[in-house]
Protein chains: 2
Amino acid sequence: MRASRTPVRRGAAMTTAAPSPRVLDHPSRDDIRLEGVLHALSDPQRLLIVRELARRAAELTCSDFELPVTKSTSTHHFRVLREAGVIQQIYRGTAKLNALRRPDLDTLFPGLLDSVLLAATRQEERSARGDSPSGGRVG
Amino acid sequence: MRASRTPVRRGAAMTTAAPSPRVLDHPSRDDIRLEGVLHALSDPQRLLIVRELARRAAELTCSDFELPVTKSTSTHHFRVLREAGVIQQIYRGTAKLNALRRPDLDTLFPGLLDSVLLAATRQEERSARGDSPSGGRVG
DNA sequence: CCCGTACTACGATGCTTATCGTACGAGGGC
DNA sequence: GCCCTCGTACGATAAGCATCGTAGTACGGG
């Protein structure tokens, strides 16, 4: 079942040879749905990816992340994030660069990404301190 | 599950010391997980419930919501919200009152709930105006 | 031209979940 | 007492999804 498979192209029309840009399908800004974004962020691996992208504030390749899952699963998570409109992915050579779609997200849902990132950081700090349920040192 | 098949006996009348009259299990504040909250909010029905609870700023019975699902499914969604720590549920007579756990959420994840609610409102306004993709207007 | 690296597609698997219908318990009104 | 309403539990079902392994494509370097 090999030779008849479609080449790489995922969204682009293959009318031309499409030499350089192996383009990936991204939702346009106005197609981004809040529920989809929340769902994308509700997975620990994906939340980790997003936090790292925000922290480094740079375009990172998929292999820059050291996730405790296989590469197949990584690919899956990156795709979910991309299709939800959270990240942007572009090929460069053999690598694929990932970047947060911060401007779009901030325009659509002001403050959402920031509060999620803050919440994730606080939660991590809390558990790092040892989360005693009845202790309640918060605030 | 949590309490398995506890027959929900009313506490006062029974001869045996009924431990839980009609009390529901809620996670303590420090057990609330960001991922769980995001996941709970990523379902359209549940997001609707939360928005309505925030809008009315009151305790509402389950049947105050007119969801396009059966009662069983409603119960399911309320349970998910409760177990994620998003809402609080208490029995009063035959009804069950639902309330947002806003203080807890705001303490744990400052600004998160507000930005989700704002995002939901904005998204609704956007689609009410006719959601033309690529015709974007920036705010 | 061959090979290694980066990533993907496909298929499988097992878990979660959103939904329903039905039967039932708890409380209040008559 | 009887029964009605509110909500639950249980079982079923179908879909979704996180994960893996394997086999494959794309690109750049020797």
Side-chain angles (χ1 to χ4, degrees), chain A residues 1-12 14 17-25 35-36 39-40 42-49 59-84 89-98, chain B residues 1-14 18 20-25 35-36 39-49 59-84 89-98:
Chain A
M1 56 169 174
R2 213 64 344 253
S4 59
R5 176 117 57 69
T6 355
V8 77
R9 52 153 289 287
R10 221 175 315 291
M14 63 188 303
S20 33
R22 287 196 287 164
V23 186
L24 292 161
D25 245 16
E35 300 89 330
H39 176 245
S42 71
D43 180 273
Q45 313 296 336
R46 294 196 291 260
L47 187 55
L48 218 67
I49 292 173
E59 296 180 320
L60 302 175
T61 70
C62 293
S63 41
D64 284 337
F65 301 84
E66 296 196 357
L67 300 175
V69 293
T70 64
K71 283 204 302 177
S72 312
T73 308
S74 254
T75 296
H76 163 69
H77 285 313
F78 279 105
R79 188 210 301 255
V80 171
L81 285 170
R82 170 168 49 85
E83 292 181 344
Q89 299 189 288
I90 29 175
Y91 280 101
R92 202 181 67 180
T94 104
K96 194 160 76 166
L97 297 185
N98 302 276
Chain B
M1 275 203 197
R2 318 120 281 294
S4 65
R5 195 64 189 95
T6 311
V8 204
R9 55 242 307 227
R10 49 222 168 149
M14 294 307 274
S20 55
R22 283 191 93 183
V23 185
L24 292 161
D25 244 16
E35 300 90 330
H39 177 246
L41 296 178
S42 72
D43 180 275
Q45 313 297 336
R46 293 196 290 261
L47 188 55
L48 217 67
I49 293 174
E59 297 180 318
L60 302 175
T61 70
C62 293
S63 41
D64 284 336
F65 302 83
E66 296 197 357
L67 300 175
V69 291
T70 63
K71 283 199 302 177
S72 312
T73 308
S74 253
T75 297
H76 163 69
H77 284 313
F78 279 104
R79 189 207 312 250
V80 172
L81 285 171
R82 170 167 50 85
E83 292 181 345
Q89 300 189 288
I90 34 174
Y91 280 103
R92 202 181 67 181
T94 110
K96 194 158 76 166
L97 297 185
N98 302 274

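Letters A, B, ... are given to chains in the order of the sequence lines, protein chains preceding strands, and every chain is numbered from 1. Heavy atoms only: backbone and side chains are in, while hydrogens, waters and symmetry mates are out.
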Picking from C:dA18, C:dC7, D:dT19, the nucleotide nearest the side-chain atoms of A:T75 would be C:dC7

Residues that A:E35 engages under salt bridge (Lys or Arg N to Asp or Glu O under 4.0 Å), provided they are two or more places apart:
A:R33

Could you tell me if the side chain of B:T61 sits less than 4.5 Å from the side chain of B:L97, heavy atoms only?
yes

Distance, rounded to the nearest Å, where A:I49 contributes CD1 and D:dA18 contributes C1'
13 Å

Are any non-hydrogen side-chain atoms of B:L48 and B:F65 less than 4.5 angstrom apart?
no

Ranking C:dT19, C:dA18, D:dA18 by distance to the side chain of B:R46, first place goes to C:dA18

Can you tell me the distance, in whole Å, between the OH atom of B:Y91 and the P atom of D:dG7?
9 Å

Expressed as a whole number of angstroms, how long is the span from A:D43:CG to C:dC15:P?
17 Å

Quick one: on DNA chain D, does A:H39 or A:R92 contact a more 5' nucleotide (nearest heavy atom)?
A:H39

Please determine, for the side chain of B:S72, which listed nucleotide (C:dG21, D:dG7, D:dT22) has the closest atom?
C:dG21

Atom NE2 of B:H76 and atom C1' of C:dT19: how far apart are they, to the nearest Å?
8 Å

Closer than 4.0 Å, any side-chain N/O of B:T73 to the OP1 or OP2 of C:dA18?
no

How would you label the contact of B:S74 with the nucleic acid (heavy atoms, under 4.0 Å): base, sugar-phosphate, or nothing?
nothing

Nearest-Å distance for atom pair CG/P, residues B:L48 and C:dA18:
15 Å

Whole Å only: how far is the CD atom of B:E83 from the P atom of C:dA18?
12 Å

Rounded to the nearest Å, what distance is computed from the CG atom of residue B:L81 to the P atom of nucleotide C:dT17?
13 Å

Sequence neighbours left out, what passes side-chain hydrogen bond (donor to acceptor under 3.5 Å, both in side chains) with A:T94? Give chain and number order.
none

A:R79 side chain reached by A:R82 side chain, heavy atoms, under 4.5 Å:
yes

Among residues 62-71 of chain B, which ones have heavy-atom contacts with DNA chain D below 4.0 Å?
B:C62, B:S63, B:K71

With a 4.5 Å cut-off on side-chain heavy atoms, are B:S74 and B:Q45 touching?
no

Between the side chains of B:T70 and B:T73, is a donor N or O closer than 3.5 angstrom to an acceptor N or O?
yes

Among D:dA18, C:dC7, C:dC20, the nucleotide that comes nearest once only the side chain of A:H77 is considered:
D:dA18

Please report the distance, rounded to the nearest Å, between CZ in A:R79 and P in D:dT19.
15 Å

Looking only at N and O atoms, is any donor in the side chain of B:T94 or the base of C:dG28 less than 3.5 Å from an acceptor on the other one?
no

